[in-house]
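I have placed the structure first, in the form of structure tokens, so that the comments after it can refer back to it.
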Amino acid sequence: MQIDQVSDLLKEVAERLILPRFGALTTGEVIEKAPGDLVTVADREAEAELTRMLHQADPGAVVVGEEGVFCDPRMLDVLPTAAHAWVIDPVDGTRNFTKGRRDFAVMLAELRFGETVRGWIWQPLHDQLFVAESGAGVTRNGVQLAAPPQPRTVPLGATYLPVPGEERAAVKVIRSWGSCGIDYPKLITGEVDFLSYRSMFPWDHLPGGLMVTELGGRIATDSGEDYHAGVIGRRLVAANTALLWEEARDALFGG
């Protein structure tokens with residue numbers, strides 16, 4: 001599928017199946033899969049439709065979605081070696097979505113033999129579409145993005161992890177936005193200099209991770225293993241330069 005075809009697919013499914021539920025969910029349409037882990041009817045319907053349409057366009061491709069993996073975790077095992085795969089996050093930032101907050105996104109990554117080759121982040125209520133293609137950079141609403149500006153004197157990061165105390169004076173850290181589909185665009189446009197996470201699910205990090213590396217940054221575990229499909233670990237750091245990645249990792253986790 002061409003980039004514009006995929007972009008149009010994400011927008012169409014969001015318009016038809018996700019946005020009508022925004023601010024209109026009933027109690028029975030929000031389910032707690034595990035303590036604190038929410039899913040809505042919009043997540044499930046959008047993932048099913050995207051899966052169907054991607055299979056229709058690419059019958060030989062593996063399609064892995066967040067909700068599908070919850071039902072069958074073995075689906076993740078094929079990602080590092082599949083000749084062609086799609087990874088879907090139908091509503092990234094589900095908690096924001098259920099509370100009527102605009103900070104959510106639809107995300108998609110395309111993989112070839114475990115390497116992320118294209119990634120999409122569609123923020124429907126911010127009307128922003130970010131697209132990355134390996135070797136071709138990143139666009140926002142069709143306009144090519146440049147590498148973000150040099151970090152602040154004291155680098156600013158955002159995290160889902162507990163915010164470190166004042167003794168971590170080498171960096172400043174704020175709470176992130178509750179959606180990787182919001183966080184990564186803020187990173188690559190320079191609103192923050194680095195991000196840190198505890199979870200490493202591919203649907204959360206593959207699209208934004210490609211955007212980071214295409215613009216000269218680095219995404220890796222705190223032990224220094226570059227992030228890609230199949231990588232697991234305790235903590236993940238993404239930063240706008242390799243040097244800043246080192247500074248953030250050392251400041252957050254003690255080197």
Side-chain angles (χ1 to χ4, degrees), residues 62 64-66 69 73 75-82 84-89 92-93 105-121 130-138 145 147-148 151 155 157-161 171 173 176-255:
V62 172
V64 175
E66 177 180 6
V69 169
M75 295 173 65
L76 279 178
D77 296 340
V78 305
L79 277 185
T81 57
H84 188 200
W86 299 93
V87 179
I88 305 168
D89 194 337
D92 184 77
V106 185
M107 302 204 297
L108 184 68
E110 183 181 15
L111 283 69
R112 300 277 183 177
F113 295 101
E115 178 185 352
T116 309
V117 294
R118 296 193 293 182
W120 290 258
I121 296 177
F130 294 83
V131 181
E133 184 173 15
S134 181
V138 185
L145 290 180
T159 182
Y160 287 162
L161 303 172
V171 298
V173 185
S176 51
W177 290 267
S179 166
C180 292
I182 301 297
D183 298 347
Y184 279 105
K186 288 185 179 291
L187 175 64
I188 64 172
T189 58
E191 290 191 43
V192 293
D193 303 311
F194 64 90
L195 301 168
S196 181
Y197 299 93
R198 182 174 286 126
S199 67
M200 298 189 192
F201 296 119
W203 45 81
D204 286 332
H205 301 294
L206 291 178
L210 179 61
M211 295 176 190
V212 170
T213 56
E214 280 297 301
L215 293 175
R218 186 184 184 197
I219 178 170
T221 69
D222 61 335
S223 64
E225 183 179 9
D226 288 335
Y227 183 75
H228 52 81
V231 168
I232 57 175
R234 293 187 306 152
R235 297 170 296 208
L236 188 67
V237 179
N240 281 331
T241 67
L243 177 60
L244 183 54
W245 185 92
E246 296 276 357
E247 293 176 0
R249 190 273 306 270
D250 292 350
L252 291 173
F253 309 126

For the residue pair [X] and [Y], what are the closest heavy atoms and their distance?
{"X": "Glu225", "Y": "Val231", "answer": "OE2-CG2, 3.7 Å"}
{"X": "Leu215", "Y": "Leu145", "answer": "CD2-O, 3.6 Å"}
{"X": "Ala229", "Y": "Pro80", "answer": "O-CG, 3.9 Å"}
{"X": "Glu115", "Y": "Ser134", "answer": "OE2-OG, 3.8 Å"}
{"X": "Thr221", "Y": "Leu236", "answer": "N-CD1, 3.9 Å"}
{"X": "Pro207", "Y": "Leu108", "answer": "CG-O, 3.6 Å"}

By ring-ring contact (aromatic ring centres under 6.0 Å, His included), Phe201 pairs with (sequence neighbours left out) Trp203

Short side-chain to backbone donor-acceptor contact, Trp245 and Val237, under 3.5 Å: yes

Please confirm whether the backbone N or O of Ser199 pairs with a side-chain atom of His205, one donor and one acceptor, at under 3.5 Å? yes

Working to the nearest 0.5 angstrom, can you tell me the gap between Tyr184 OH and Leu206 CG? 9.0 Å

When you compare the side chain of [Y] with that of [X], does any pair of heavy atoms fall below 4.5 Å?
{"X": "Thr159", "Y": "Phe194", "value": "no"}
{"X": "Tyr197", "Y": "Asp204", "value": "no"}
{"X": "Tyr227", "Y": "Val212", "value": "no"}
{"X": "Arg234", "Y": "Arg198", "value": "no"}

Who pairs with [X] by side chain to side chain contact (heavy atoms under 4.5 Å, CB included), at least two apart in sequence or on another chain?
{"X": "Asp77", "value": "Arg74"}
{"X": "Pro185", "value": "Ile121, Gln123, Phe130"}
{"X": "Ala85", "value": "Val62, Leu79, Ala82, Leu111"}
{"X": "Asn240", "value": "Pro148, Leu187"}

Quick one: list whatever passes side-chain hydrogen bond (donor to acceptor under 3.5 Å, both in side chains) with [X], sequence neighbours left out.
{"X": "Glu191", "result": "Lys186"}
{"X": "Ser176", "result": "none"}
{"X": "Ser179", "result": "Asp92"}
{"X": "Glu246", "result": "Arg249"}

Got a sec, which pairs hit side-chain hydrogen bond (donor to acceptor under 3.5 Å, both in side chains) with one end in residues 209-220, sequence neighbours left out? Arg218-Asp226

